[in-house]
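Written below as structure tokens is the structure these notes are about.
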Amino acid sequence: MSELPGERIAQQLMLWALVCLGGAIFGLWRTRHGFWRPFWFMTGVWALVNAAIAYGGWLGAEPNPASLRQLLWINAGLDTLYVTLGLILRKRQEPIYKGFGLAIILQGLFLLGFDVFHALQI
């Protein structure tokens with residue numbers, strides 16, 4: 001692991017993205033259920049987005065700690081919006097929305113914890 005906070009965060013986010021992508025590929029391969037296929041599909045989409053963000057963080061210049069902390073707190077606020085959106089989708093009757101909603105809730109909760117933890121560490 002890197003000693004630079006931004007690079008270390010990018011590495012950890014990439015690890016999460018790869019785990020989620022692996023799970024999504026396996027889940028999509030193994031199920032045809034109307035709830036679980038959307039869940040795994042959305043998990044895969046989030047994995048790709050997280051991987052792109054992590055890769056961009058790796059390639060970019062190391063941010064100063066104050067800017068990085070501020071970005072993490074902004075992201076934590078966005079994470080709460082993701083969880084809220086997921087909860088709204090879970091209330092819908094269609095299995096596709098319920099699956100999407102659960103995936104968004106889980107990603108949002110993980111990212112909220114991830115962002116708050118790292119913001120407090122910097």
Side-chain angles (χ1 to χ4, degrees):
M1 282 285 163
S2 174
E3 294 298 318
L4 300 172
E7 189 172 311
R8 186 178 65 251
I9 291 169
Q11 290 170 347
Q12 292 171 3
L13 184 60
M14 182 63 80
L15 178 61
W16 171 250
L18 293 174
V19 168
C20 289
L21 186 58
I25 291 169
F26 183 77
L28 286 168
W29 173 64
R30 294 291 296 160
T31 188
R32 297 280 175 235
H33 190 274
F35 170 83
W36 288 109
R37 280 197 66 81
F39 170 82
W40 289 118
F41 176 80
M42 184 60 71
T43 298
V45 169
W46 276 89
L48 294 173
V49 170
N50 287 335
I53 292 168
Y55 188 65
W58 242 327
L59 293 179
E62 179 68 21
N64 70 56
S67 295
L68 183 56
R69 186 179 311 108
Q70 182 180 20
L71 178 63
L72 289 165
W73 284 119
I74 290 169
N75 283 342
L78 291 172
D79 299 335
T80 61
L81 292 176
Y82 304 148
V83 172
T84 302
L85 174 62
L87 290 169
I88 291 168
L89 288 174
R90 287 281 297 158
K91 296 218 180 271
R92 303 279 304 265
Q93 292 302 311
E94 301 89 344
I96 188 171
Y97 295 120
K98 289 182 178 290
F100 284 161
L102 181 59
I104 294 169
I105 291 167
L106 293 177
Q107 287 292 322
L109 288 173
F110 171 81
L111 292 171
L112 177 61
F114 183 88
D115 291 334
V116 168
F117 172 80
H118 286 293
L120 294 172
Q121 296 298 311
I122 297 175

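Predicted, not measured: the structure shown is a model, and the values here were computed from it.
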Output the distance between atom [atom1] ([X]) and atom [atom2] ([Y]), rounded to the nearest 0.5 Å.
X	Y	atom1	atom2	answer
Leu72	Ser67	CG	OG	11.0 Å
Leu81	Leu112	CG	CG	11.0 Å
Ile9	Gln121	CD1	CD	9.5 Å
Ile105	Ile88	CD1	CD1	10.0 Å
Arg69	His118	CZ	NE2	13.5 Å
Trp46	Leu106	CH2	CG	11.0 Å

Review point. Side-chain contact, heavy-atom cut-off 4.5 Å: Leu71 with Pro63?
Key: no
So which atom in [X] and which in [Y] form the shortest heavy-atom distance, rounded to 0.1 Å?
X	Y	answer
Ala10	Gly57	CB-C, 4.1 Å
Asn50	Leu13	O-CD2, 3.7 Å
Pro38	Pro95	CG-O, 4.5 Å
Ala51	Ala17	N-CB, 3.6 Å
Gly108	Tyr82	CA-CB, 4.3 Å
Gln107	Thr43	NE2-CG2, 4.2 Å

Review point. More than 12 foreign heavy atoms under 6.0 Å from CD of Gln70: is that the case here?
Key: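 No.
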**Study point:** Crowding at CZ, Phe35 (>12 non-hydrogen neighbours, <6.0 Å)
**Key:** yes
Exercise for review: Over 60° means perpendicular and under 30° means parallel, so classify the ring planes of Phe100 and Tyr97, tilted if in between.
Suggested key: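 Taking Phe100 first and then Tyr97, their aromatic rings stand perpendicular (interplane angle over 60°).
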Review point. Is the gap between the ring centers of Trp58 and Tyr55 under 6.0 Å?
Key: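 No, they do not, as the ring centres are separated by 6.0 Å or more.
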**Study point:** Ring centres under 6.0 angstrom apart (Phe110, Trp16)
**Key:** yes
Taking [X] for its side chain and [Y] for its backbone only, find out whether a donor-acceptor pair lies under 3.5 Å.
X	Y	answer
Arg90	Gly101	no
Glu62	Glu7	yes
Arg37	Leu28	yes

Practice item. Please identify each residue that fulfils side-chain hydrogen bond (donor to acceptor under 3.5 Å, both in side chains) with Thr31, with sequence neighbours left out. Key: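 By the side-chain hydrogen bond (donor to acceptor under 3.5 Å, both in side chains) rule, Thr31 matches no residue at all.
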